[in-house]
Amino acid sequence: MTESQSRVDRTYLEDIDAVLVTIEGRREPGDIDVVWPPIIEKLKKHGTHRMILDVRSAHYEFDLTTAIDVFMRVATPLTGLALAIVIRPDQREVGIVMKTATRAFWNEAKLHTSIEEAVDWLDS
């Protein structure tokens, strides 16, 4: 996958003590092994367990069975995370897989349709 096809931005939001991860472009199952280690490092660097994952501009072009496998691999090293997942309404199925995989490893996760909703939930 080339840089022009996808982008991942990881920003620490000091005012809410959370990492905002924005993922854009076409996603493939193997991307996860490259994308997630720097995200986990960013969380550790700032000593936070709060993350907003904005995937509204991402395109997951794999079936739900593959999505389950991929997102379970992502969630395995994570525990105690509060994850606000920001999706488009048409991403509901993949969002539910992300949420379920995250919760399977003792994390909180909730789906949102805007960054504002996600911030409100993290602050509640």
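Here the structure is a predicted model, which is why all the values come from computation and not from measurement.
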Looking only at heavy atoms, which two atoms of [X] and [Y] are closest? And how far apart?
| X | Y | result |
| --- | --- | --- |
| Gly80 | His49 | O-CB, 3.3 Å |
| Ile85 | Ala109 | CD1-CB, 4.5 Å |
| Pro29 | Phe62 | CD-CD2, 3.6 Å |

Does any non-hydrogen side-chain atom of Leu78 lie less than 4.5 Å from one of Phe105? no
Leu81 versus Trp106: any side-chain heavy-atom pair under 4.5 Å? no
Atom [atom1] of [X] and atom [atom2] of [Y]: how far apart are they, to the nearest 0.5 Å?
| X | Y | atom1 | atom2 | result |
| --- | --- | --- | --- | --- |
| Phe71 | Ile96 | CZ | CD1 | 12.5 Å |
| Lys110 | Glu108 | NZ | CD | 11.0 Å |
| Glu14 | Thr48 | CD | OG1 | 11.5 Å |
| Lys99 | Arg92 | NZ | CZ | 7.5 Å |
| Ile87 | Met98 | CD1 | CE | 8.5 Å |
| Leu83 | Leu111 | CG | CG | 9.0 Å |

Taking NZ, NE, NH1 and NH2 as the nitrogens, is one of them in Arg50 or Asp123 under 4.0 Å from a carboxylate oxygen of the other? yes
Evaluate Val8 against Arg27 for side-chain contact (heavy atoms from CB on, under 4.5 Å), listing each step before the verdict. CA-CA 11 Å; Val8 178; Arg27 311 311 305 167; 4.0 Å; yes
Closer than 3.5 angstrom, by distance alone: can the side chain of [X] be matched with the main-chain N or O of [Y] as a donor-acceptor pair?
| X | Y | answer |
| --- | --- | --- |
| Asn107 | Thr102 | yes |
| Glu93 | Leu64 | no |
| Gln91 | Tyr60 | no |

List, by chain and then residue number, the residues other than Ile52 in its hydrophobic cluster (Ile/Leu/Val/Met/Phe/Trp/Tyr, side-chain heavy atoms under 4.5 Å); write none if there are no others. Leu13, Ile16, Leu20, Val86, Ile115, Val119, Trp121, Leu122
Heavy atoms from other residues, nucleotides or ligands near CD of Glu61 exceed 12 (cutoff 6.0 Å): yes
Among all residues two or more places apart in sequence or in another chain, which pass the salt bridge (charged side-chain N to carboxylate O under 4.0 Å, His left out) test with Asp69? Arg73
Partners passing side-chain hydrogen bond (donor to acceptor under 3.5 Å, both in side chains) against Asp54 (at least two apart in sequence or in another chain): Arg56
